[in-house]
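Below is one structure, written out as structure tokens, with a few remarks after it.
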Amino acid sequence: MLSEVLLVSAPGKVILHGEHAVVHGKVALAVALNLRTFLRLQSHNNGKVGLSLPNIGVKRDWDVSRLQLLDKSFLAEQGDATVPTPEQVERLREMAGFPADCAVNECLAVLAFLYLYLCICQKQRALPSLDIVVWSELPTGAGLGSSAAYSVCLAAALLTVCEEIPNPLRDGDHVGRWTKEDLELINKWAFRGEKVIHGNPSGVDNAVSTWGGALRYQQGQIASLKRPPALKILLTNTKVPRSTKALVASVRSRLMKFPDIVGPLLTSIDAIARECERVLEEMAAELAPEHYLVLEELIDMNQHHLNALGVGHAALDQLCQVTRTHGLHSKLTGAGGGGCGITLLKPDVQQPAVEATKQALIGCGFDCWETSIGAPGVSMHLVTLLDAPIRQALDGL
């Protein structure tokens with residue numbers, strides 16, 4: 001087992017186009033968001049495994065000897081389709097000492113960790129003593145793939161420390177990326193972690209966080225786009241809570257009520273996603289200023305379609321209006337009904353205009369980040385070269 005300190009990061013995700021239409025068999029484009037989750041793993045000999053999640057105030061540890069003695073036969077392989085089962089999650093809950101009605105983020109995050117730790121490390125002669133800290137730039141519960149980035153970081157770090165996959169950092173490297181085969185293994189385990197947290201996830205979030213860049217998703221099929229360009233954006237969280245389940249149900253209801261109206265809207269959203277995919281691939285081959293104009297038009301059209309589906313919100317309208325006054329184009333991302341929106345920043349947008357837009361959005365009571373999409377997927381970092389604010393966050397300072 002490897003003994004050095006490991007530092008792993010993985011990106012969040014946003015849906016660029018295809019929200020709600022994807023539920024009805026249409027194409028969705030998901031892109032890696034360069035707000036990242038960071039994990040530091042330290043091996044030691046104190047006979048404990050510890051997990052610290054400062055974003056949500058979790059700090060737990062377990063005696064390795066006690067975990068070693070527990071009956072872990074319920075974690076045996078049962079085929080990818082059924083792992084982990086609800087019964088396994090319930091057994092884990094008992095093992096962790098959580099009450100049966102515990103379904104909050106803190107509980108699920110700990111259960112996902114225990115599941116991945118016990119399953120990945122059980123091939124070792126003895127379960128390893130580890131100290132793991134996970135800190136994220138991503139807000140939780142905002143539809144930005146924070147739980148998937150967490151699961152991807154855990155899977156990559158545990159597989160590496162147990163030498164199931166090699167450490168991708170080479171001498172002189174600041175950042176390392178795993179091979180395609182290793183990423184597939186990371187993604188497989190991360191998907192299982194996501195199942196502990198979400199029950200029946202699509203697999204899109206963990207795939208985006210693992211591979212990075214941009215992915216096309218349709219009817220369960222996931223495919224990477226070829227080298228999409230990194231696009232600068234503003235990400236804005238309106239902080240308006242919403243229920244994805246209720247919004248999906250409302251679109252389905254509207255489709256049943258007005259099939260000849262809503263059906264073509266979904267088909268049009270599908271066409272927008274496909275056109276965006278075509279433009280991104282053109283941009284990857286040879287970038288031209290006109291590409292950004294097309295992307296802006298697609299953003300505007302999709303936002304109007306999403307409003308017509310009934311998943312807009314006054315706060316999202318306000319977001320779009322504020323950015324429009326600064327010559328920028330925005331749309332909701334994810335379920336809608338509040339939540340987050342993205343604003344495209346063309347390369348020629350001057351920084352004072354970006355700052356003025358951010359301040360106007362913050363003035364509306366929103367949270368706003370200047371970041372990019374099309375970010376690299378899960379990566380290993382040289383600890384000593386990590387930015388000081390991230391090191392301090394992992395140290396709990």
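As the structure is a computational prediction, the values presented were derived from the model and not from experiment.
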In Å and rounded to the nearest 0.5 Å, what is the [atom1] to [atom2] distance from [X] to [Y]?
X      : Y      : atom1 : atom2 : answer
Leu138 : Lys13  : CG    : NZ    : 10.0 Å
Lys232 : Tyr292 : NZ    : OH    : 10.0 Å
Leu118 : Gln68  : CG    : CD    : 9.5 Å
Leu231 : Ser372 : CG    : OG    : 8.5 Å
Thr357 : Arg324 : OG1   : CZ    : 13.0 Å
Ile120 : Leu154 : CD1   : CG    : 8.0 Å

Looking only at heavy atoms, which two atoms of [X] and [Y] are closest? And how far apart?
X      : Y      : answer
Met283 : Pro229 : CB-CG, 3.7 Å
Gly18  : Asn302 : N-ND2, 3.9 Å
Ile362 : Cys368 : CG1-CB, 4.2 Å
Cys121 : Leu158 : SG-CD2, 4.1 Å

Results of side chain to side chain donor-acceptor pair (under 3.5 Å) for [X] - residues two or more places apart only:
X      : value
Asp173 : none
Thr236 : none
Lys180 : Glu184

Problem - By salt bridge (Lys or Arg N to Asp or Glu O under 4.0 Å) - contacts of Arg278 (at least two apart) - result: Glu275, Glu282

With a 4.5 Å limit on heavy-atom distance, are the side chains of [X] and [Y] in contact?
X      : Y      : value
Cys340 : Val14  : no
Leu41  : Val5   : no
Arg216 : Leu225 : yes
His20  : Leu247 : yes
Asn237 : Phe366 : no
Ile269 : Leu309 : yes
Thr37  : Trp135 : no
Leu35  : Trp369 : yes

Problem - Qualifying salt bridge (Lys or Arg N to Asp or Glu O under 4.0 Å) pairs, either residue in residues 237-254, two or more places apart - result: Lys239-Asp367

Practice task
Scan for salt bridge (Lys or Arg N to Asp or Glu O under 4.0 Å) pairs involving residues 123-133, sequence neighbours excluded, and state none if there are none.
Solution key: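 Found Lys123-Glu164.
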
Exercise for the section: Please identify each residue that fulfils ring pair (Phe, Tyr, Trp, His ring centres under 6.0 Å) with Tyr117, with sequence neighbours left out. Expected result: Phe113

Practice task
Taking side-chain contact (heavy atoms from CB on, under 4.5 Å) as the test, write out the residues that go with Asp387, two or more places apart.
Solution key: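 side-chain contact (heavy atoms from CB on, under 4.5 Å) list for Asp387, sorted by chain: Pro389, Ile390.
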
Practice task
Please identify each residue that fulfils side-chain contact (heavy atoms from CB on, under 4.5 Å) with Ala28, with sequence neighbours left out.
Solution key: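 Listed in chain order: Val22.
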
Practice task
For the pair Glu355 and Lys358, find out whether any cationic side-chain nitrogen is under 4.0 Å from an anionic carboxylate oxygen.
Solution key: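 Salt bridge: yes.
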
Problem - Between Thr267 and Asp270: side-chain donor-acceptor atoms closer than 3.5 Å - result: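 There is no such pair (donor and acceptor under 3.5 Å, judged by atom type) between the side chains of Thr267 and Asp270.
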
Problem - Flag for His198-Ser147: side-chain donor and acceptor within less than 3.5 Å - result: yes

With a cut-off of 3.5 Å and sequence neighbours excluded, list every side-chain donor-acceptor pair involving residues 327-334.
| unit_1 | atom_1 | unit_2 | atom_2 | d |
| --- | --- | --- | --- | --- |
| His329 | ND1 | Asp300 | OD1 | 3.1 |
| His329 | ND1 | Asp300 | OD2 | 2.7 |
| Ser330 | OG | Thr323 | OG1 | 2.7 |
| Ser330 | OG | Thr343 | OG1 | 2.6 |
| Lys331 | NZ | Leu16 | O | 3.0 |
| Lys331 | NZ | Glu19 | OE1 | 3.2 |
| Lys331 | NZ | Glu19 | OE2 | 2.7 |
| Thr333 | OG1 | Ile15 | N | 3.0 |
| Thr333 | OG1 | Ile15 | O | 2.7 |

Handout entry: Same apolar cluster: Leu295 and Leu33, side chain cutoff 4.5 Å
Key = yes

Enumerate donor-acceptor pairs with a distance under 3.5 Å from any side-chain N or O in residues 48-56 to protein atoms, sequence neighbours excluded.
| unit_1 | atom_1 | unit_2 | atom_2 | d |
| --- | --- | --- | --- | --- |
| Lys48 | NZ | Asp63 | OD1 | 2.7 |
| Asn55 | OD1 | Ser136 | N | 2.9 |
| Asn55 | ND2 | Ser136 | O | 2.9 |

Can you give the donor-acceptor pairs under 3.5 Å from side chains of residues 375-386 to other protein atoms, not counting sequence neighbours?
| unit_1 | atom_1 | unit_2 | atom_2 | d |
| --- | --- | --- | --- | --- |
| Ser379 | OG | Gly377 | O | 2.9 |
| His381 | NE2 | Ser9 | OG | 2.7 |

